[in-house]
2 protein chains.
Amino acid sequence: MDSRRLGELNEAAALGHLLERGPLTRGDLRELTGLAKPTASDVVRRLRAAGLVRVVGRTSRGRGPNAEVYAVDPDAAFAAAVSVRAKDSTLVTAVCDLAGEVRARTETPVDFAHADAAPAVHDAVRVAARRAGVALRRIGHVQLGVPGSVPEGAEVIHHVDVPGWGRPGVVAEIRKRLRTRVTADNDVNLAAVAERRHGIASGVDGFALLWLGEEGLGLAIDLGGTLLRGARGGAGEVGYMPVGLPPAGGVHDFHDLVSGSAVRDLARRHGIRSRTGHAAVTRAVSTATSEATGTAAGKTAGAAARTVDTAASTGAAADEFLDALAVRVAVGVAVVVAVLDPPLVVLAGEVGRAGGGTLATRVERALRELSVLHTEIATTGVREDAVVLGALDTSLASVRRRLTGLDP
Amino acid sequence: MDSRRLGELNEAAALGHLLERGPLTRGDLRELTGLAKPTASDVVRRLRAAGLVRVVGRTSRGRGPNAEVYAVDPDAAFAAAVSVRAKDSTLVTAVCDLAGEVRARTETPVDFAHADAAPAVHDAVRVAARRAGVALRRIGHVQLGVPGSVPEGAEVIHHVDVPGWGRPGVVAEIRKRLRTRVTADNDVNLAAVAERRHGIASGVDGFALLWLGEEGLGLAIDLGGTLLRGARGGAGEVGYMPVGLPPAGGVHDFHDLVSGSAVRDLARRHGIRSRTGHAAVTRAVSTATSEATGTAAGKTAGAAARTVDTAASTGAAADEFLDALAVRVAVGVAVVVAVLDPPLVVLAGEVGRAGGGTLATRVERALRELSVLHTEIATTGVREDAVVLGALDTSLASVRRRLTGLDP
DNA sequence: CCTGTTCGTTCAGGACGTGAACATTTGTTG
DNA sequence: CAACAAATGTTCACGTCCTGAACGAACAGG
């Protein structure tokens, strides 16, 4: 540890504050870092020389000269994210600048069965970069979101349905081609990152995100901003969680209870016929909700009447279906709460989102009857593609960490 | 950040290495910290002046002058631990020096119903310190181990059976009386700390410790050395974990499956009668094991014969009982593995220890049949009182952190 | 226009750290 | 046994970074 290193640390601290709190004057920086006036000037000078920070204006408050306002140069670095979507065979790619502004977003259809992963990703990123007007070289990190278990640091992805992506060394190949830092993570984990940054879990100490997808079930565990991955990246593989004792027969694991098809079948048994689970839930919620808020829905009287017409007989059925589903979900949540005690559980995925507040409330109620332990339950607050959003955040965080010297 | 602070950081780094790797020469220190020769000398000088480091000898390897060997002064600071044991109404107290050497260990019977917590703990620590020949003032940290949930940083303990210990502010009162840093943690968590330092989980990335106690059930989750506590300190309250679906009736939570009395009853149903669960397991293991290793047990032929005599008819019963128990335990483990994916699950507590390798093997087998996911399962490797040992480690770690300036 | 504030720079000084040179000790070797 | 090689630890000159105080300059308000 050298005096030089000391300087770097101070630079990093200042840059960190600029990244987190936006434009600042030298005075602000002085206060935040605790540095002396001349030193603050020095640090800013160095950051500007490095092309990381720019003058973006001047204050005009009070008397005395107007202080210069500094901000991180958005063009100083870029980050990219790629979401591997099995369900519609596309790579969704996004590029953002150092300020977090999304510069481009593309969707590339890929025939995973016949195309190699590495060239496909390389192409997707190249196209997105071009559209963003950014040289590929300037992208500091590419974060992949994959539907599978990704062990910490390891380069193999387990339980992937996408052909070619389960092969050892995929990530390394992609890295070699892109010549950047490339990391992969489970898509539900990335959705949780988005939930923390842009969703309902922004201020929370930690939370568990239960992904009730049409094609997959998952649990992401956020502990104060870091995700729990498990030894083989298998943390949150709740689909395999046994429910019920083995000799009892019938229901065996959580997947049998709340997978897309299980939900669809449950709905069917309550007289609600749909092609997918989340469609069934959407319909059930609309009838159940319109019943409950029927009297208050003065403005949408016409719509309400129409709904009641078609659902008159199914209103009670919808209620029963939702309650039955809530109990099933609550069984899983109860286990998670007993093991992890998260302050918040977020329901996401197609089914979770379709259930909305209606389902969340019922799950919370069911949980109270099922277990002494309880916790707050909410629905996802992320509107856009949570996986891409989360991957972009993760990617950007990595770029920032390296700029601030916290990463090698 | 000042030059002074830079010096402190280097001191801290050197001290840290001395604490972790034992006695070192200036040369070793130079290599480990990357400092220049004169600076290393300087750092050592400062550490010696602060009374933290002592010369403990000289090398005599190779040519050149013999280097001085430095080590942390064991008497530079002390740490204490107190285990609150409800089952036999005692406070077990231990004091160790900065090197980790236990200097004293006492057991004080306390009538929790009539004695206040703070004075009782104060007395216990005072006595232990005197026996260790250490002034109370020199004890830098007191770590309490309590059978209850302790939220991170909060001062209330939930779900405690010990009278007076559930009252808000207990920890603060104790702190006020002892005039030191005082923290409290769940006893199972502390047992996990001991498991990592002195037990079977020494080199592992992380592990889950399933405490199968006669009077309590718990799960400690170790993630690379830090323990997961949960929002309300309720992480690992697996006793409340629901097993089976609600309408199914009968078995409701994990506690009903593997608590001490549940184990005892299960044994009884297999014809093994004991007053406690772990006694039943001990007997079952001895018969089951002697059967399996009967031929190889040449030396203890007499003992084996005796065992076979009394167990001839119960050998099969013992096997069945152990397998049934293993399945029950495996249900809980399967859930933990699905949620957390730990590289290792350690069985501890009276029942877990009684089960030994025999039970661990059977649980591992049962798990394989129950779930796709699996993990290594082992029995606790801690011989002594794990709670006190873990509390002492935690306490010492806190003292060291403060010395190295990592803690405020 | 003067005055009090606030911004940013200049300046002298302090704390640390570094590399090179040097004295010193100690084992090896011819 | 003397010469040599290798390792230890100190001294010295110099560099980097940070600090407090003083200073000049810009700006709002009376």
Side-chain angles (χ1 to χ4, degrees), chain A residues 1-18 21 23-50 52-71 404-406, chain B residues 1-18 21 23-50 52-71 404-406:
Chain A
M1 270 262 230
D2 187 342
S3 299
R4 256 169 265 249
R5 178 86 190 119
L6 184 58
E8 285 173 25
L9 286 174
N10 283 331
E11 275 178 43
L15 184 58
H17 286 121
L18 282 168
R21 326 189 103 175
L24 298 169
T25 67
R26 262 194 261 257
D28 299 330
L29 237 30
R30 234 161 61 67
E31 207 160 310
L32 289 167
T33 57
L35 292 171
K37 247 200 289 189
T39 314
S41 290
D42 242 23
V43 168
V44 169
R45 196 191 337 279
R46 276 179 273 161
L47 286 173
R48 285 178 59 183
L52 295 172
V53 161
R54 278 187 350 196
V55 183
V56 294
R58 291 189 155 273
T59 54
S60 54
R61 51 162 185 262
R63 46 180 90 183
N66 297 330
E68 269 185 323
V69 180
Y70 304 93
T404 52
L406 299 176
Chain B
M1 270 265 228
D2 187 339
S3 300
R4 257 169 266 250
R5 177 90 190 116
L6 183 59
E8 284 173 25
L9 287 174
N10 283 331
E11 275 178 44
L15 184 58
H17 286 120
L18 283 169
R21 328 188 86 166
L24 298 170
T25 67
R26 262 192 262 255
D28 299 331
L29 237 29
R30 234 160 62 67
E31 208 159 307
L32 288 167
T33 57
L35 292 170
K37 248 197 291 189
T39 314
S41 291
D42 241 23
V43 168
V44 169
R45 196 189 338 277
R46 275 179 273 161
L47 286 173
R48 284 178 59 185
L52 294 172
V53 162
R54 279 189 347 196
V55 184
V56 294
R58 292 188 154 274
T59 54
S60 54
R61 51 161 187 263
R63 45 179 92 181
N66 297 329
E68 270 185 323
V69 180
Y70 304 95
T404 52
L406 298 175

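Each chain gets a letter, A, B and so on, in the order the sequences are listed, and its residues count up from 1.
- Looking at residues two or more places apart in sequence or on another chain, you find no side chain to side chain donor-acceptor pair (under 3.5 Å) involving B/Thr33.
- If you check residues 37-50 of chain A against DNA chain D, the residues with a heavy atom closer than 4.0 Å are A/Pro38, A/Thr39, A/Arg46, listed by number.
- Atom P of nucleotide C/dG8 and atom CG of A/Leu24 are separated by 13 Å, given to the nearest angstrom.
- Not counting sequence neighbours, A/Arg21 has no partner by the side chain to side chain donor-acceptor pair (under 3.5 Å) test.
- Listed candidates were D/dG15, C/dG8, D/dA7. Nearest to the side chain of B/Pro65 is D/dA7.
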Residues A/Thr39, A/Asp42; criterion side chain to side chain donor-acceptor pair (under 3.5 Å); working and verdict: CA-CA 5 Å; A/Thr39 314; A/Asp42 242 23; over 6 Å; no
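- Between the C1' atom of C/dA15 and the CG atom of B/Leu9 lies a distance of 14 Å, rounded to the nearest Å.
- Using a distance-only test at 3.5 Å, with no hydrogens or angles considered, no donor-acceptor pair links the side chain of A/Asn10 to the main chain of A/Gly7.
- Between B/Arg4 and the phosphate of C/dA15, there is no side-chain N or O to OP1/OP2 separation shorter than 4.0 Å.
- Residues satisfying the side-chain contact (heavy atoms from CB on, under 4.5 Å) criterion with B/Leu9, sequence neighbours excluded, are A/Met1, B/Arg5.
- Following rounding to the nearest Å, A/Leu6 (CG) and C/dG17 (P) show an atom-to-atom distance of 10 Å.
- The phosphate of D/dC18 (OP1 or OP2) has a side-chain N or O of A/Asn10 nearer than 4.0 angstrom.
- The separation between B/Glu8 atom CD and C/dG17 atom P is 11 Å, rounded to whole Å.
- Residues satisfying the side-chain contact (heavy atoms from CB on, under 4.5 Å) test with B/Arg58, not counting sequence neighbours, are B/Asn66, B/Glu68.
- Taking 4.5 Å as the limit, every side-chain heavy atom of B/Leu35 sits out of range of all side-chain heavy atoms of B/Leu29.
- Note: A/Glu8 CD to A/Asp2 CG = 8.5 Å, rounded to the nearest 0.5 Å.
- The shortest distance between side-chain heavy atoms of B/Asp28 and B/His17 does not fall below 4.5 Å.
- Remark: P of C/dG19 and CG of A/Asp2 are 8 Å apart, rounded to the nearest angstrom.
- Separating the CG atom of B/Leu29 from the C1' atom of D/dT8 is a distance of 14 Å, rounded to the nearest angstrom.
- Protein atom CZ of A/Arg58 is 16 Å distant from nucleotide atom P of D/dA25, rounded to whole Å.
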Which pairs, protein N/O on one side and nucleotides 28-30 of chain D N/O on the other, fall under 3.5 Å?
none

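- Rounded to whole Å, atom C1' of D/dT19 lies 11 Å from atom CZ of A/Arg30.
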